[in-house]
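Note that these values count all heavy atoms, side chains included, but never hydrogens, waters or copies made by symmetry.
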Amino acid sequence: MIRVLVADDQALVRAGLSALVDAEPDLEVVGLAEDGTAALAMAEELQPDVACLDIRMPGLDGIEVTRRLTARERPVPVLVLTTFDLDDYVFGALEAGAAGFLLKDADPTTIVEAVRRVAAGHGTLDQGLTRRVLREFASRRSLQPVTAGRAAEELTAREHDILLLLARGMSNEEIAAELVVEVSTVKSHLARILPKLGVRSRLQAVVWAYQNGVVVVDGR
């Protein structure tokens, strides 16, 4: 079971997300928080596999909660669900370490699949935001704490190839087919790529690649 913490200041939204998640056989809501402070306390107590956070909450907002959850010794992967698609919210959430960002009006199937992807370390981003977000990150290179030159030098040629394919949105299976290797080999390379880049998820690796100019926005 994937254990999920839901944090939102609107009771109706909390109830709706809880019902949606609990209806899936492999997902279980273990905590409902009405603000950021409560979300942090519940995460410490319950150790969820994924935290679904709203951006705008009383006290600590979703971006600050994300920053604290992903900086822990045992990080909690975060999926941000919000009604707002303002650029600063998206960038703030991703820079804080969020593994996924979706608008609340996404269809139910997309939301539950996003929870699964984030739990698996794959990350997800609302498709309508992707190009705009990556284009903006490409112009904000100074925000990345690891320089492209130093980290890129640490990547092997095969790891560099995998990063480029990852930035094209390929799954492990698709990357394996493209490079004619086993899926387990791709997973092993990814496990080494993430710490070299100083990131925690596949989505963060893609953001890093665009932000540091390793790949350009059109994916070439």
Side-chain angles (χ1 to χ4, degrees), residues 1-24 26-130 133 137 143 199-204 206-207:
M1 294 290 287
I2 297 173
R3 305 172 74 251
V4 182
L5 169 65
V6 174
D8 196 292
D9 61 338
Q10 297 184 37
L12 185 60
V13 173
R14 290 197 306 273
L17 284 175
S18 178
L20 176 64
V21 171
D22 277 334
E24 299 297 312
D26 59 331
L27 306 179
E28 175 188 16
V29 173
V30 295
L32 294 172
E34 62 184 15
D35 57 45
T37 302
L40 285 176
M42 287 185 181
E44 183 67 30
E45 176 186 356
L46 301 171
Q47 298 297 320
D49 299 307
V50 177
C52 294
L53 306 180
D54 186 22
I55 287 280
R56 298 179 66 174
M57 294 186 290
L60 297 176
D61 64 20
I63 293 176
E64 180 59 27
V65 174
T66 297
R67 185 173 292 111
R68 297 190 189 189
L69 289 180
T70 57
R72 294 172 35 176
E73 184 175 350
R74 295 178 58 187
V76 177
V78 172
L79 172 63
V80 171
L81 290 166
T82 181
T83 55
F84 303 94
D85 68 345
L86 299 179
D87 287 350
D88 284 346
Y89 287 141
V90 183
F91 304 144
L94 295 179
E95 287 163 358
F101 190 104
L102 285 180
L103 300 181
K104 290 178 183 175
D105 61 3
D107 64 79
T109 300
T110 298
I111 292 175
V112 296
E113 184 57 30
V115 172
R116 295 186 180 102
R117 288 183 58 82
V118 168
H122 294 169
T124 190
L125 188 64
D126 185 280
Q127 291 301 305
L129 303 175
T130 300
V133 169
F137 263 106
L143 295 176
V199 299
R200 297 186 179 91
S201 72
R202 295 163 61 100
L203 177 59
Q204 290 291 311
V206 172
V207 168

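Residues meeting the side-chain contact (heavy atoms from CB on, under 4.5 Å) test with Val30, sequence neighbours left out: Arg3, Glu28, Leu46, Pro48. For Ala33, the side-chain contact (heavy atoms from CB on, under 4.5 Å) partners at least two apart in sequence or on another chain are Ala7, Ala38, Ala39, Met42. A search for side-chain contact (heavy atoms from CB on, under 4.5 Å) contacts involving Pro77 returns Val118, not counting sequence neighbours. Under the rule for a salt bridge (charged side-chain N to carboxylate O under 4.0 Å, His left out), Asp107 has no partner lying at least two apart in sequence or in another chain.
Sorted by first and then second residue, the side chain to side chain donor-acceptor pair (under 3.5 Å) pairs involving residues 37-47 (not counting sequence neighbours) are Gln47-Arg72. Pairs of residues two or more places apart, or lying in two chains, that qualify as side chain to side chain donor-acceptor pair (under 3.5 Å) and include a residue from residues 59-70 are Glu64-Arg67, Glu64-Arg68.
A 4.5 Å side-chain heavy-atom check between Val80 and Leu102 finds every atom pair outside the cut-off. Residues Leu81 and Phe101 fail the side-chain proximity criterion, which asks for heavy atoms closer than 4.5 Å. By the 4.5 Å heavy-atom criterion applied to side chains, Leu27 and Val112 are counted as neighbours.
For the atom pair Ile55 CD1 and Thr82 OG1, the distance stands at 5.5 Å (nearest 0.5 Å). Considering CG of Leu40 and CG of Leu53, their distance stands at 8.5 Å, rounded to 0.5 Å.
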Quiz prompt | CA sep, side-chain torsions, deciding dist, call: Arg14, Asp9, salt bridge (Lys or Arg N to Asp or Glu O under 4.0 Å) | solution = CA-CA 8 Å; Arg14 290 197 306 273; Asp9 61 338; over 6 Å; no
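For Glu24, the CD atom is densely surrounded, since the number of other residues' heavy atoms within 6.0 Å is greater than 12.
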